[in-house]
Amino acid sequence: MSMNERYEPQSIESRWRARWEESGAFRAGSRPGAEKRYVLEMFPYPSGAMHMGHARVYTIGDAIARHLRMRGFDVLHPIGFDALGLPAENAAIKDGKHPGERTRENIVSFRADLKTMGFSFDWSRELATCDPEYYRWNQWFFVKMLERDLVYRRTGKANWCTGCLTVIANEQVVEENRCERCGSQVVEKQIPEWAFRITAYADDLLAGLDELRDWPERITTMQRNWIGRSEGAEVDFALEGGGAVKVFTTRLDTIFGCTYLVLAPEHPLVEQVTEPSRRAEVQAFVERMKRTDALERTGEGAPKEGVFTGALAVNPYGGGKVPVWIANFVLAEYGTGAVMSVPAHDQRDFEFARKYRLPVRVVIQPARGERTPEGDALAAATTDDGVLEASGPYSGLSSAAARSRMAADARAGGFGAPTVRWHLRDWGFSRQRYWGTPIPIIHCDEHGPVPVPEKDLPVLLPPQAIITGTGEPPLAKVPEFVNAPCPRCGRPSRRETETMDTFVDSSWYHARYLSPRDDARPFDPAEARRWLPIDVYVGGPEHAVMHLLYFRFWHRVMNDLGLTQEREPCRRLVTQGIVNGPDGRKMSKRWGNVVTPGPMVERYGADTLRLFILFAAPPEKDIDWSDEQVEGMSRFLARVWRIFHARQDCFRADEAALAQAAGPWLDLRRRTHRTIKKVTEGLEGDLKFNTGIAGLMELVNELYALEPRGAPERAAVREALLALAVLLSPFAPHAAEELWHEVLGPGARERLLATEPWPAADPALVAADTVTIAVQVNGKLRGEVRAAVAAGEAEVRALAEKEERVRAHLDGKTVRKVVFVPQRLINFVVG
RNA sequence: GGGCGGGUGGCGGAACUGGCAGACGCGCGGGACUUAGGAUCCCGUGCCGCAAGGCGUGAGGGUUCGACCCCCUCCCCGCCCACCA
């Protein structure tokens, strides 16, 4: 045999990729008797070239998938493209190239990039959401959800992105009212739109979070906050002139401290309640608020402003009258758009009351400790629960007890009821854009919006649309598309010209992978029984709300449609950190710190890049690109290569001789088996690829330190080399295949390491027979002794007391106590 | 303001369940090999100190024979949410 002396990744890598591809080794469903595992990474939007974030996500997922496959599972590890969306359309506005054409080209180059990384995808299941074969099922789901009243049309304030020129969802509006996608200002616009009734699942989505124990807590917390359940009560304050203001509060126990009400400027009652003498002032305020954008009006630090309407309202509990104000900080769309203000026990109300010299009335006292000061002595609101006072019949009750009793009394008295409010809003998914799924609706003068019948799906996206970026739906300018007969009466009607949010595509693609060519239904429920839920899902934490919420919502809908067996789409979620530039800043053209995988793979090979990504830090942490560390990984692989080359004489060693390995050779065998254990643990549970790889490095270092002579020694080296190749294979699969085949020789020509069984560590070798025990005096390290694993306190103590440095510290002192931890340390406590 | 993470050598990061802090890699220093070395192999590398020894996991306190780990007070950094009633 003659191994190449030099490690040359380029030739090795393409060769093994070809072997994997022709062997069908990564085809899911090839092990019908085996337990399944579904490993999924969030699919990419195919922009021109793959970037480091993609390289990281798929490298992490691939290590998991490869390991599980070697553990004997039938692994589903698919890939596809999230191919509809704005970037292709925005680029079209600039250069006129059709988004479809651009996307196809991008997919071709992106696919090639993915392939050079050697990911073990089942390419036979590849999908692209821009294919009518895919998006027709978006339309199918739309129609099914319409039938179930989970889709509706609403007119109201929608979030309009001034950059994307389309309506976007609440979840897509990020801080300072900017667009999550392009960063442009988002304004409110009165527009009719289609929405999914995700709020119907609010309770269920919230309750389901408790079962997601293998999701990062921060993700479930973010979802919990986003869903935002708050329990409280609605109460009516009767108006003097008739009618009532309904307020929502979570602190009904403080209602006797209510000294005024505040309505949102948009509240429908504003006009009615305003006293004629106040009308001018109130109208001016309302007008001004309308002109001020939401950010300025309700953003951080915006000063609280308001005006008195002149109206008085009656507290339903105490009968006292309170003035009705309007103010900038009350949001029309949350709760009832009206709040009862309790300045003593709510900081925001407190600030407002001080500014406008409204009374402050303390009605809650702490259960223990000092009384809350009153009047000018009160510097801030006290917001903790406590004991009620000056609250009529409820005085003396605890806050919690008061809340439930007062809510019950409100219901009995017909002036209110306990209520639950949600932060979650319905998902508005209409987009005034071209490159999306057409909404399958025909507007008929007679019948209104009529869904396109299932047999007429898909409604195809017309290729000839002119994309101008004016904010008008481009489809509206294609008469061949727009004009269609009403499915119900046949009269000339107009198609809906808006398209769907692309988050629809990513809400159920995980299910489409199960039977991607099925043209009779979105996916085969039998396959769903086999493969769902996803066992491990890898992606960025930026999808904590938005994708991951929609995805959970959609899975529930599919479950309610009888398509799947379970409520939750995914058992375990792994969120990976980002890859920053070498300067520690986010990679960006602006900083000139962008490093792309392509050139790195060309220069060092995919295995080196993969190792760098996995070794730099645990998956969830951000990492900085480092040329030096990449060099280090490349050196490591070359070092591995050289030790195989240098130990070729061990490749044919007789395994039977292993039992005779002794001394350092037995230590080597121990190291080998401990490494198996360490790498295996790093691939399970907490994913710690970095320490697993460190273990492999230690094994390599030990191999370099030993020169085998006899048969048992060569057998021990062969065992180590084989373990090294196998354990390396989830991380650096190409080099691992090559080295493994070198050791096994022609006898293994037909086999693939990728589908070989994962090794088991021999427990007898993992357990050491002697251990180093630290010797402490008063908790300070003064020496160490070697002792048998089973050595007891007396034996270790005797050994320790022989140590010179230990003796020096024990000399002339009384040993008060000896603490002995078997296999670890002995501590002499002296006085 | 609220929630969730973090803070360990010059750098990235290790450390099981309270038991030898700094594995492994990078960087740096030295040596070997070599016509050469920015290749390779070997050795060293937390800080102070010639040494013995002392000091060290953001700061301060506590519990303990023993604390990166548990408790209290505080500082700093990151991410997410935020006039949500």
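Every chain is numbered from 1 and lettered A, B, ... according to where its sequence line falls, protein lines coming before strand lines. Everything quoted here is computed from the prediction, not taken from an experiment.
In this structure, B:G25 shows a glycosidic angle more than 90 degrees from zero, which is the anti conformation.
Note: A:F352 and A:Y356 have tilted aromatic rings, judged against thresholds of 30 and 60 degrees for the angle between ring planes. Ring planes of A:W641 and A:Y7: tilted class, angle from 30 to 60°.
No contact: A:E351 has no heavy atom under 4.0 Å from any strand. Residue contacts shown for A:P618 are limited to sugar-phosphate atoms, with no base heavy atom under 4.0 Å away. Residue A:E217 is classed as a sugar-phosphate contact, given heavy-atom separations below 4.0 Å to backbone atoms only. The residue A:G632 sits close only to the backbone: its heavy atoms come under 4.0 Å of sugar-phosphate atoms, none of a base.
Distance CE/A:M52 to CG/A:L609: 5.0 Å, rounded to 0.5 Å. Here the CD1 atom belonging to A:I693 is positioned 8.0 Å from the CG atom belonging to A:L728, to the nearest 0.5 angstrom.
Look at A:R639 and you'll find a side-chain N or O under 4.0 angstrom from OP1 or OP2 of B:C41. For A:N690, no side-chain nitrogen or oxygen approaches OP1 or OP2 of B:C24 to under 4.0 Å. For B:G13, the OP1/OP2 oxygens have a side-chain nitrogen or oxygen of A:K621 closer than 4.0 Å. Dashed line: the shortest gap from a side-chain N or O of A:Y704 to OP1 or OP2 of B:C41 is under 4.0 Å. Contact annotation: A:K688 side-chain N/O to B:A15 OP1/OP2 distance is under 4.0 Å. For A:R642, no side-chain nitrogen or oxygen approaches OP1 or OP2 of B:A39 to under 4.0 Å. A:R782 has a side-chain polar atom (N or O) that falls below the 4.0 Å cut-off from OP1 or OP2 of B:G54. Checking the phosphate oxygens (OP1, OP2) of B:C55, a side-chain nitrogen or oxygen of A:K780 falls inside 4.0 Å.
Base pairing of B:G53: its partner is B:C48, meeting the Watson-Crick or G-U wobble criterion (both donor-acceptor distances under 3.5 Å). Applying the Watson-Crick and G-U wobble criteria (two distances, each under 3.5 Å), B:G5 pairs with B:C77. Using N1 to N3 plus N6-O4 or O6-N4 for Watson-Crick, or N1-O2 and O6-N3 for G-U wobble, each under 3.5 Å, B:C24 pairs with B:G12. With a 3.5 Å ceiling on both atom-pair distances, the Watson-Crick or G-U wobble partner of B:C65 is B:G19. For B:A82, there is no paired base (Watson-Crick or G-U wobble, both distances below 3.5 Å). Under the Watson-Crick or G-U wobble criterion, with both distances below 3.5 Å, B:G29 is paired with B:C43. Applying the Watson-Crick and G-U wobble criteria (two distances, each under 3.5 Å), B:U34 pairs with nothing in any strand.
The 5' end of RNA chain B is approached more closely, in terms of each residue's nearest nucleotide, by A:A638 than by the other of A:H809 and A:A638. Residues A:T691 and A:N701 both approach RNA chain B. Their nearest nucleotides, taken by heavy-atom distance, put A:T691 toward the 5′ side.
Taking the P atom of each, B:A82 and B:C26 are spaced 44 Å apart, rounded to whole Å. On the P atoms, B:C50 is 38 Å away from B:C76, given to the nearest whole Å. A distance of about 32 Å separates the P atoms of B:A14 and B:A52, rounded to the whole Å. B:U63 and B:C72 have their C1' atoms separated by 11 Å, with the value rounded to a whole Å. When the P atom is compared between B:G13 and B:A67, the two are found 27 Å apart, to the nearest whole Å. B:U57 and B:G46 have their C1' atoms separated by 11 Å, given to the nearest Å. Atom name C1', nucleotides B:C80 and B:G30: the rounded distance is 50 Å, in whole Å. Between B:A51 and B:G7, the distance separating the two P atoms is 33 Å to the nearest Å.
Counting only heavy atoms from C-beta outward, the side chains of A:H809 and A:K780 never approach each other to under 4.5 Å. Between A:F828 and A:R782, the closest side-chain pair of non-hydrogen atoms is not below 4.5 Å.
Here the side chain of A:E698 is nearest to one of B:C20, B:A23, B:A82, namely B:A23. Checked against B:C83, B:C84, B:C20, the side chain of A:T772 finds its nearest nucleotide in B:C20. The listed nucleotides are B:C83, B:C24, B:C20; the one nearest the side chain of A:F615 is B:C24. The nucleotide whose nearest atom lies closest to any side-chain atom of A:V829 is, among B:C65, B:C84, B:A14, B:C65. Of the candidate nucleotides B:C84, B:G53, B:G66, B:C84 has the atom lying nearest to any side-chain atom of A:L331. Nearest to the side chain of A:V330, among B:A85, B:A23, B:G19, sits B:A85.
Contact annotation: side chain of A:K817 to base of B:C65, donor-acceptor pair absent below 3.5 Å. On a pure distance criterion of 3.5 Å, a polar donor-acceptor pair joins the side chain of A:Q629 and the base of B:G25. A donor and an acceptor atom sit less than 3.5 Å apart, one in the side chain of A:R348 and one in the base of B:A85. Checked by distance alone, A:R824 brings a side-chain donor or acceptor within 3.5 Å of a matching partner on the base of B:C16.
Outside the 6.0 Å centre-distance limit, the rings of A:F415 and A:F237 are not counted as a close aromatic pair. Ring to ring, A:F551 and A:F503 are not that close: their centroids are 6.0 angstrom or more apart.
Distance A:I578 CD1 to B:C80 P: 10 Å, rounded to the nearest Å. Between the C1' atom of B:C24 and the CZ atom of A:R635 lies a distance of 13 Å, rounded to the nearest Å. What separates CG of A:D346 from C1' of B:C84 is a distance of 11 Å, to the nearest Å. One atom, CG of A:N778, and another, P of B:G54, lie 11 Å apart when rounded to the nearest Å. Rounded to whole Å, atom C1' of B:C11 lies 12 Å from atom CZ of A:F612. Atom CG in A:N225 sits roughly 10 Å away from atom C1' in B:A82 (whole-Å rounding). One can place CE of A:M697 at 10 Å from P of B:C24, the figure rounded to the nearest angstrom. Rounded to whole angstrom, the span from the NZ atom of A:K677 across to the P atom of B:C16 amounts to 13 Å.
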A:R671 vs A:E698, salt bridge (charged side-chain N to carboxylate O under 4.0 Å, His left out): CA-CA, chis, key distance, verdict: CA-CA 9 Å; A:R671 165 80 68 188; A:E698 288 181 83; 3.4 Å; yes
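Across all their heavy atoms, A:M289 and A:P265 have their closest contact at CG-CG, 3.8 Å.
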